[in-house]
Colleague: 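Sharing a structure below in structure tokens format, with a few things to ask.
Hydrogens, waters and symmetry mates are skipped; everything else that's a heavy atom, side chains included, is used. Worth saying up front: this structure is predicted, and the values here are computed from it rather than measured. All residue numbers refer to positions in the sequence shown, counting from 1.
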Amino acid sequence: MAGQGKSEKQVTQGGKEYVDRTIKILTPAFIGDPVFTWLLHNYALSKHEKKLDQLFSAFFTQAALNEAIFLEIADFACCSVLIQPGKSVENPRTLISAGLFPALWNLGLGPFKRALFEYSNGVEPHLKKALTKAELKKHWYVFIMGTAVDRRRQGHASGLLVHIQDRARKDGCPIWLEATTDTSRRLYQKHGFEVIGDIILGKGKVGSDGLPKKHGEGITIWSMLWRP
């Protein structure tokens, strides 16, 4: 099975000190991604990069305050935010420290409402369907993973994913994630992830690319699971 071997590339991890570098890599990497285009579809495309930077700042700071592990491989060729078993980014006690209110001022309520309610509510039934009660309380969650634009197709994402799987294999906990593109879904399937189901978001408001579209078909994401 793919993912059984060790990654040969250098992987390092950090916490809050990795937030800024992770934002710098992932903001350009996710420009045009259907999910983030949908989250920001009320803004002109010319503003998406700045708004995505602000959104990531709030999300990643919140993750860091809740003990997320920030991983990178080959000097940030690819990086990931990994939520530890038993932890969650949806912790109301850290929202103020994460800068939610300034982010709300800069971004408006729309992106946060779509992320925290529409997205989360779409994923939750799949989680409950696929995971046992014990696994619901204790599983790894790949909050996000992406490769620097100028370092794609060099095996960095696979290397980092192998590292994450090795980590999960040691404690026997499953890994949960959502693939947001066909390309990422195929990568995860190559490494043994199973598609639990698909989720349509923004139907009637956006097209498959996440851009505004009257009576649009919406975007598709895939809930995926890997067990050691």
Side-chain angles (χ1 to χ4, degrees), residues 1-33 35-36 49 52-89 94 98 138-194 221-222 224-228:
M1 179 187 295
Q4 292 288 339
K6 298 288 184 180
S7 170
E8 297 178 356
K9 299 173 183 177
Q10 179 67 33
V11 175
T12 71
Q13 72 174 63
K16 192 173 181 180
E17 73 276 12
Y18 275 32
V19 167
D20 288 346
R21 187 84 183 270
T22 302
I23 293 171
K24 183 178 179 180
I25 297 299
L26 294 187
T27 296
F30 279 91
I31 290 295
D33 180 272
V35 165
F36 293 101
E49 185 169 2
L52 186 56
D53 185 283
Q54 294 170 340
L55 191 67
F56 280 165
S57 179
F59 283 171
F60 296 172
T61 302
Q62 171 74 348
L65 290 172
N66 287 281
E67 301 179 42
I69 299 171
F70 288 71
L71 297 170
E72 66 82 22
I73 189 169
D75 192 25
F76 282 87
C78 179
C79 48
S80 176
V81 181
L82 185 62
I83 308 301
Q84 300 189 63
K87 300 295 182 180
S88 173
V89 294
T94 56
K138 195 173 181 182
H139 63 273
W140 293 94
Y141 177 48
V142 181
F143 184 61
I144 194 169
M145 186 170 79
T147 303
V149 173
D150 61 347
R151 301 186 69 181
R152 290 175 173 168
R153 297 179 178 85
Q154 298 175 26
H156 299 303
S158 285
L160 191 55
L161 192 56
V162 166
H163 175 87
I164 294 170
Q165 289 176 307
D166 287 343
R167 186 184 291 255
R169 194 176 286 112
K170 289 178 182 178
D171 63 17
C173 293
I175 304 172
W176 184 270
L177 54 79
E178 293 91 39
T180 61
T181 65
D182 285 324
T183 300
S184 61
R185 175 176 53 81
R186 288 192 295 269
L187 171 68
Y188 299 134
Q189 286 177 313
K190 175 184 174 183
H191 285 271
F193 280 79
E194 172 192 0
I221 65 172
W222 296 268
M224 303 189 74
L225 174 67
W226 179 87
R227 284 190 171 94

Colleague: Donor-acceptor pair, Ser158 side chain versus Gly155 backbone, under 3.5 Å?
Modeller: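 It does not hold such a pair.
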Colleague: Are the side chains of Arg186 and Lys190 in contact, using a 4.5 Å heavy-atom criterion?
Modeller: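 Lys190 does not reach Arg186 side chain to side chain.
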Colleague: Considering all heavy atoms of both residues, which atom of Cys79 and which atom of Thr22 are nearest to each other, and what is their separation?
Modeller: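 Heavy atoms of Cys79 and Thr22 come nearest at SG-CG2, 3.9 Å.
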Colleague: List the steps and the verdict of side chain to side chain contact (heavy atoms under 4.5 Å, CB included) for Glu178 and Tyr141.
Modeller: CA-CA 9 Å; Glu178 293 91 39; Tyr141 177 48; 2.6 Å; yes
Colleague: So how far is it from Asp171 CG to Lys138 NZ, rounded to the nearest 0.5 Å?
Modeller: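 NZ of Lys138 is found 6.0 Å from CG of Asp171.
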Colleague: Does Ile144 have any side-chain contact (heavy atoms from CB on, under 4.5 Å) partners at least two apart in sequence or in another chain, and if so, which?
Modeller: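 Ile144 satisfies side-chain contact (heavy atoms from CB on, under 4.5 Å) with Leu26, Phe30, Phe36, Phe56, Phe60, Val81 once adjacent residues are dropped.
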Colleague: Hey, does Ile164 have a side-chain heavy atom less than 4.5 Å from the side chain of Trp140?
Modeller: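 They are not in side-chain contact.
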Colleague: Using a 4.5 Å cut-off on heavy atoms from C-beta on, say whether the side chain of Leu82 contacts that of Val142.
Modeller: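 Sidechains of Leu82 and Val142: in contact.
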Colleague: Do any pairs count as a side-chain hydrogen bond (donor to acceptor under 3.5 Å, both in side chains) and have a residue in residues 58-74, sequence neighbours left out, and if so which ones?
Modeller: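 Non-adjacent pairs meeting side-chain hydrogen bond (donor to acceptor under 3.5 Å, both in side chains): Thr12-Glu72, Gln62-Thr94, Asn66-Asn91, Asn66-Thr94, Glu67-Lys87.
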Colleague: So, for Met224 and Ala179, which heavy atoms are closest and what is the spacing to 0.1 Å?
Modeller: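 So the two residues come closest at SD-CB, 3.8 Å.
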Colleague: Hey, could you give me the CD1/CZ distance between Ile23 and Phe59, rounded to the nearest 0.5 Å?
Modeller: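 That separation rounds to 11.5 Å.
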Colleague: side-chain contact (heavy atoms from CB on, under 4.5 Å) with Pro228: which residues, sequence neighbours excluded?
Modeller: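 Listed in chain order: Arg169, Trp226.
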Colleague: Backbone N or O of His191 within a donor-acceptor pair of the Gln165 side chain at under 3.5 Å?
Modeller: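 Pair found, side chain donor or acceptor close to backbone of His191.
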Colleague: Backbone N or O of Gly15 within a donor-acceptor pair of the Glu17 side chain at under 3.5 Å?
Modeller: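 Yes, the answer is positive, given that a donor and an acceptor are paired below the 3.5 Å cut-off.
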Colleague: Walk me through it: do Tyr188 and Phe193 pass the test ring pair (Phe, Tyr, Trp, His ring centres under 6.0 Å)?
Modeller: CA-CA 5 Å; Tyr188 299 134; Phe193 280 79; 5.7 Å; yes
Colleague: If I take atom CG from residue Asp33 and atom CD1 from residue Ile31, how far apart are they, to the nearest 0.5 angstrom?
Modeller: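 These two atoms lie 9.5 Å from each other.
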Colleague: In Å and rounded to the nearest 0.5 Å, what is the CG to CE distance from Leu161 to Met145?
Modeller: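 It is 5.0 Å, given to the nearest 0.5 Å.
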Colleague: Give me the atom names and distance for the closest heavy-atom approach of His156 to Ile73.
Modeller: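 Scanning both residues completely, I find the closest heavy atoms to be O-CG2, 3.7 Å.
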Colleague: Heavy-atom distance under 4.5 Å between the side chains of Arg151 and Cys78, does that happen here?
Modeller: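 A side-chain contact under 4.5 Å is absent here.
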Colleague: What distance do Ile25 atom CD1 and Asp150 atom CG have between them, rounded to the nearest 0.5 Å?
Modeller: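 Rounded to the nearest 0.5 Å, the CD1-CG separation comes out at 7.5 Å.
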Colleague: What's the separation between atom CD in Gln13 and atom NE2 in His163, rounded to the nearest 0.5 Å?
Modeller: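 Here the rounded value is 6.5 Å.
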